[in-house]
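Shown next, in C-alpha cells, is the structure this report addresses.
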Amino acid sequence: MTDTTMTIDKTKTDTQPAAPTKAEPDMPPAIKPAAERDPLRARIENFSFYYSNGFQAIKQVDMPILDRKITAIIGPSGCGKSTLLRSLNRMHDLYPGNRYEGKVILEPEGENLIGPEADPVLVRLRVGMVFQKPNPFPKSIYENVAAGLRVRGIKKRAVIDEAVETALRRAAIWDEVKDKLHGSAYDLSGGQQQRLCIARGLAPNPEILLLDEPTSALDPIATAKVEDLVQELSETVTIVIVTHNMQQAARISHRTAFMYLGEAIEFGDTNQIFTNPKHPRTESYITGRYG
Amino acid sequence: MPNSSIPTSAELIQSGFVRRRKWIARGMKTFLFLCAALSVFVTTAIVFVLVRDSWDFFANVPLFDFLFGTMWTPVFANPQFGVLPLLAATLQTAGLAMAIAVPFGLIMAIYLSEYARPAVRETIKPALEMLEAVPTVVYGYFALLVMTPFLQGFVPGLKGINLLVPGIILGIMILPYVVSVSEDAMRAVPNSLREGGYGLGMAKWQVATRIVIPGAFSGITAAFILGMSRAVGETMVLAVAAGQNPNLTWDPREGAATITAYIVQMSLGDVAHGSIAYQSIFAVGLLLFVITLLFNIIGFYLRRRFREAY
Amino acid sequence: MSTTTQGALSAATTNQTAFDAVRKAKQKDILFATGGLVVMALAMTLLLALIGDLVIRGATRIDYGFLTSYPSRLPERAGILSAWVGSLLVMLVTAFLAIPIGIGAGLYLEEYARKGWLSNFIEINVSNLAGVPSIIYGLLALGLFVYGFSLGKTILVAGMTLALLILPIVIVSIREAVRAIPRIIKEGAYGLGADQWQVMWSYIIPAARPGILTGAIVGLSRAIGETAPIITIGALTFIAFLPPAPVTGEFPFISFAWLNDGFTVLPIQMFNWVSRPQAEFHVAAAATGVVLIALTFSLNGIAIWIRYRLRQGYRN
Ligand SMILES: Nc1ncnc2c1ncn2[C@@H]1O[C@H](COP(=O)(O)OP(=O)(O)OP(=O)(O)O)[C@@H](O)[C@H]1O
Ligand SMILES: [Mg+2]
C-alpha cells in the first residue's frame, strides 16, 4: 500500500461529514434508516469469513460503524460475534488458511481494511482490541500499558510515563495500581487485569477500539466501572463492543447489531432494536426466548 | 484528551517508522529462515564432504573389495581396504549393547510407565537424564580400567582390550535413552485402552504385555532402532577399550577396532592430507553415516506414525 | 485380546479357579514390579559404583596444583590448566553460535514456517541431525573447516563444530518453550499493532527464556564432554601453553587472537591419560573424569531445576 492511501488528516475527519449518498445504493434495506444521520467511521459491506476448515462463520454481513459512537453486537453464542470483531483488526491473519470476502471500508479514506493490499500490521496500529479473557503480558503493570507505545517506537520516558498514567486513569484503575506500577500484572485481580488490558488498548490512541465481551469475567461493580469508561471513551474513540449482556447493550450502546448463525439479522438504533425490533428472531432473542 | 505526543498511524507512516519496521521484520524473517535452513546446509555439507573425500578412495579401491574384503591394513606398504573387520567389530559391540539395552530397557520402561508411582517416576526420569549426560570418555575409562580388570576374574581368556566390556558399557550407556523414549511411547497409549483391559479382568502385567506393549509397538521399536544407531556411532568407549587394531574376529573376548575407533586412531596419528589413509577415514565415515541414517529414518517414521496413531 | 477373554472366562467357571487365577495374577504382578525395581536398582547401583570408584580414585588428586599445571611427562606434575581453559574458550564459541542460531531456527520452525513440504523437510533434517554420530561432525569439520576453509585446528573450529553438534538439542527445547506460550498472549501483542519480529523480540523470546536457557545448558553440557569430533579435527593432546588472553591491557582491550590458537580440552586430556600405560596417569585421568562429571551434573542439575520451576508456568 502506498503512503498516500493511508494518510489521514485528523482535523478533517472531525468536520467532514460522511457522504451517505455514496454508500446508499448498495446498502441493504435493514441498515438504511440508521446510517443517515451520523458520520461513518467504517462500512462493512457484503462481508463473509471462512475459517481454514472451510466453515463459513460470517455470511454476507452489511453494517455501518458510526464515528465516535458505541456499536454493540449481540446474538446467541457461536453466532460469529467474535469472528466478526476479530476480522476488523485482521486477527485471523495470524492463522493460515482463513479467508475474508467482501469489504470493510474505513471512512473517510475509503480504504479497504481486508483488501489484499492492506497491511494487517498497519490495520492493527489503527484498530485496537481488548479480548474476552484478560490477557496481560507477563510483565509489570507499567510495561503492559507501555507496550503499545513501545511498538510504535516511542522511547521518551516522559511521554511514556504520561501516556501510561492517562490510560490507567481513563480505564478507571489508576488509583488501584498507582503504588505498584512496577509490580507484576499477574498480581492483579481478574477485573483489574481486564481494566489493565483496556488501558493497554487505549494508551496508543487507536482510531477504533474493539471490545470482545470485556465484562464477561467481571463482577457487577467492576462491570459498572467498565461500562462508564466505555461510554466516556466514546466521546473520542469509535467503539465496537461484543456483549452477551443485553441490558449492557441497551445501557451503553448507540447502535446495536443482532447476529444469528453468521448473519446480521438486524441493525439499528439501540432504542429501536430493544423497544421495537423489526425481525421476529431479534424479538425472541431480546425477550429471552432463546440464546 | 488524546495525547498529541503519541503518533497516529499516519504520522508513523510519514516519519518512515512503518517502513523501517517493515524492513527490519523482513530482514529478521530472512535471518531466521537462514538459521533454520542451516540444518539443511549441514546435512548437505556432511554428505558433500564425505562423498568428495572418499571419491578418490573409491577410484583406487573397488567398492566390492571395500565392502567384502577381510583385511584392513591401510598403512602397510601394500595396503588392503576390506572394511569387514571394522564392520564386524562395530556390529558386535552394538549387538552386545542391544542385548543389554533391549530387555533391561523394556522392563524399566514398563515399570516406570505402568507400575511406578508418579513421585518415583518424577525422581527417576531426571536421574536417567543426568546419566545420559555423563561424557562418553568417562564410560571409556570405566570399560578399560574398571570393568575389564573386574570381569577378567570371571571370564576366562578375556583380553585387556576386548569387545565384550565396551559392548556391555555401551548397553548401559544407551539404556537411559532407550528407557525414556519407550516410556514416552507407553505413556502415550490412551488410558481408555488400559481400562478396556482391566474391564476384562486382566491383571496389570497382562495389560502391560497384551495392551500397552502392542499399542506402543512402533514407538518402542523406534526407541530400539534409535538406540542401535547411537551404539553404532559411539566412539570413545570403543576407541579406549576395544582397541585400535583391525581384527576380523567373532570372539568378543578379543579386541578389535570399530569404524569409529579407526577414525580416531588415524586422526591421532598425523595422516597426510590427501593420502589414501586420509581418504579412507572419509570412506568408512560415509559407510557409518549411511548405516546410522537408515536407522534414524526408520526410527523417525516409526515415531511419527506412532504419534499420529494417538 | 480375545484369547485373554476366553482365558478369563473359563477361569471364572468355578469360584475356586477364579480365586486361583486372581492370586496367580497378583503374584505375577508383584514379580513384575519387583523385577522392574531390581533391574532399575541394579543399573543404578552399577553406575553409582562406577562413579563412586572414579571419585575415590580421582578426587584426592584434585588440588590447586592440578588445576594450575600444564600436562607433563611426569605424572605427578601433570595438571589440567590448558585443558580447562581450552574447554572454557571452546564453550564460549559454541554458546555464542549455537544459542542465537538455535533460537532463530526454533522461532522460524514454530512461528514463521507455514506447514508445507519445506518446513516438513527442515523438520526431518533437524531430527536426523540429532542422530548423526558425533564423529561424523568431526569429519565434516575436518573436510570443510580445517582443509576446505583452511581455518586450521583452532578453538574457533572446535567451537563451530560443537555448535553444529548441539544445535538440534537447542532447537528442540526452544520449540517446546515457544509452543508453551499461550495463544492469547501472542494475540494481545499482535493486537497492539506489533509486527512479527516485534512480537518475537519483545514477547516470545522473553517468555521462552527459561526454555531457551535449559536448552542451551543441556546442549553445552553435552558439548563439554564431547571428545570424538575434536580428536578428528586433529586437536593436539599435549599443550603446554595458554592461548592469548581475550582481554588485553591496550586499546581496544579485547583480542580475538585466541580463536586461532591450538588448544586441548578436558575430555581429550582424559582420553590421553587413560591411554597411557602408567597407573599414575590413570589417577590423573580419574581426577579429570571427576571434574567432567561434576561439570556436566551441575549443568544438568541447573537445567532440571529451571524446568521444575517452570512447571508453575503461566498463572493465566
Ligand atoms: N478457529 C476456528 N476454526 C473453525 N471454526 C471456528 C473457529 N473459531 C470459531 N469457529 C466457529 O465459528 C462460529 C462463530 O464463532 P465465534 O467465536 O465468532 O462465536 P461468538 O459469537 O463469539 O460466540 P460466543 O458468544 O460464545 O463467544 C462458531 O460456530 C465456531 O464454532
Ligand atoms: Mg466470542
Side-chain angles (χ1 to χ4, degrees), chain B residues 21 24-25 28-29 31-33 35-36 38-40 42-43 45-46 49-50 53 104 107-108 110-111 115 126 129-131 133-135 137-138 140-142 144-146 172 175 200-206 210 226 229 233 235-236 240 260 263-264 267-268 273 282 285 288-289 292 296 300, chain C residues 1 4-5 8 25-26 28-29 32-33 35-37 39-40 43 46-47 50 53 101 104-105 107-109 112 122 124-129 131-136 139-140 143-144 147 164 195-197 221-222 225 227-228 231-232 234 267 270-271 274 282 285 289 292-293 296-297 300 304:
Chain B
R21 293 266 14 140
I24 294 174
M28 288 316 296
K29 183 175 179 172
F31 171 72
L32 299 185
F33 173 74
C35 290
L38 181 69
S39 72
V40 179
V42 172
T43 309
I46 287 175
V49 165
L50 291 178
D53 284 348
F104 287 178
I107 293 175
M108 281 167 76
I110 292 176
Y111 175 76
Y115 287 89
E129 230 171 277
M130 299 278 261
L131 291 180
V134 174
V137 64
V138 175
Y141 170 96
F142 291 153
L144 180 73
L145 297 176
V146 187
I172 295 173
L175 193 59
L200 293 174
M202 289 188 193
K204 238 180 191 169
W205 67 272
Q206 288 172 313
R210 291 177 202 183
L226 294 173
S229 164
T235 306
M236 292 321 292
V240 170
T260 50
I263 298 175
V264 165
S267 310
L268 285 174
H273 175 55
F282 287 88
L288 178 67
F289 179 71
T292 52
N296 290 341
F300 178 82
Chain C
M1 233 193 276
T4 344
T5 332
K26 267 249 166 73
K28 267 208 168 156
D29 254 353
F32 241 82
L37 260 180
V39 170
M40 191 101 53
L46 180 62
L47 273 165
L50 289 174
D53 179 83
I101 295 177
L107 282 180
Y108 185 83
L109 291 175
Y112 285 73
I122 293 179
I124 295 176
N125 234 299
V126 172
S127 96
N128 175 51
L129 281 181
V132 169
S134 60
I135 197 159
I136 300 283
L139 290 179
L140 168 69
L144 197 67
Y147 291 119
L164 294 183
D195 62 42
Q196 203 165 10
W197 173 244
S221 92
R222 163 100 191 267
T227 324
I231 293 182
T232 314
M270 179 169 175
F271 171 66
V274 168
H282 296 164
L292 268 174
I293 286 195
T296 51
F297 275 15
N300 274 272
I304 289 169

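Model, not experiment: these values are computed from the prediction.
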Proximal component of [X], with respect to chain B [non-hydrogen, under 4.5 Å]:
| X | answer |
| --- | --- |
| Leu46(C) | side chain |
| Leu50(C) | both |
| Leu144(C) | both |
| Ala228(C) | both |
| Ile101(C) | both |
| Asp53(C) | side chain |

[X] to [Y] - nearest heavy-atom pair and separation:
| X | Y | value |
| --- | --- | --- |
| Ala25(B) | Trp197(C) | CA-CB, 3.9 Å |
| Gly36(C) | Ile107(B) | CA-CG2, 3.6 Å |
| Gly289(C) | Val138(B) | CA-CG2, 4.2 Å |
| Gly285(B) | Leu139(C) | CA-CD1, 3.7 Å |
| Val274(C) | Tyr141(B) | CG2-CD1, 3.8 Å |
| Ser229(B) | Gly131(C) | OG-O, 3.9 Å |

Pick one of side chain, backbone, both or neither for [X], based on which atoms fall under 4.5 Å of a heavy atom in chain C.
| X | answer |
| --- | --- |
| Leu38(B) | side chain |
| Val137(B) | both |
| Thr260(B) | both |
| Phe300(B) | side chain |
| Leu144(B) | side chain |

Between atom [atom1] of [X] and atom [atom2] of [Y], what is the distance when rounded to the nearest 0.5 Å?
| X | Y | atom1 | atom2 | answer |
| --- | --- | --- | --- | --- |
| Lys204(B) | Asp29(C) | NZ | CG | 7.0 Å |
| Thr232(C) | Ile263(B) | OG1 | CD1 | 6.5 Å |
| Thr235(B) | Ile136(C) | OG1 | CD1 | 8.5 Å |
| Ile135(C) | Ser267(B) | CD1 | OG | 6.0 Å |
| Gln196(C) | Met28(B) | CD | CE | 11.5 Å |
| Tyr112(C) | Lys29(B) | OH | NZ | 7.5 Å |

Item to check | For chain B, the option from Val132(C), Leu129(C), Thr296(C) that forms the most heavy-atom pairs under 4.5 Å | outcome: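 Result: the option with the highest number of such pairs is Leu129(C).
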Checklist entry - Below 4.0 angstrom, N of the basic side chain to O of the carboxylate: do Arg21(B) and Asp195(C) qualify? => result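 Result for this pair is yes, salt bridge flagged.
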For chain C, find which of [options] contributes the most heavy-atom pairs closer than 4.5 angstrom.
| options | answer |
| --- | --- |
| Thr292(B), Val240(B), Leu145(B), Val264(B) | Leu145(B) |
| Ile46(B), Ile110(B), Ile24(B) | Ile46(B) |
| Tyr111(B), Phe289(B), Trp205(B), Phe282(B) | Trp205(B) |

Checklist entry - Which word best sums up how the rings of His273(B) and Tyr147(C) line up, parallel for under 30°, tilted for 30 to 60°, or perpendicular for over 60°? => result parallel
Checklist entry - Between the main-chain N or O of Met130(B) and the side-chain N or O of Asn300(C), is there a donor-acceptor pair closer than 3.5 Å? => result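 No, because the side chain of Asn300(C) does not come within donor-acceptor range (under 3.5 Å) of the backbone of Met130(B).
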Checklist entry - salt bridge (Lys or Arg N to Asp or Glu O under 4.0 Å) with Asp53(B): which residues, sequence neighbours excluded? => result none
Checklist entry - Going through the checks in order, is the side chain to side chain contact (heavy atoms under 4.5 Å, CB included) test met by Phe297(C) and Val134(B)? => result CA-CA 8 Å; Phe297(C) 275 15; Val134(B) 174; 3.7 Å; yes
Item to check | Flag side-chain contact, heavy atom, 4.5 Å: Pro135(B) against Thr227(C) | outcome: no
Checklist entry - So, Ser39(B) and Asn125(C): side-chain donor and acceptor under 3.5 Å apart, yes or no? => result no
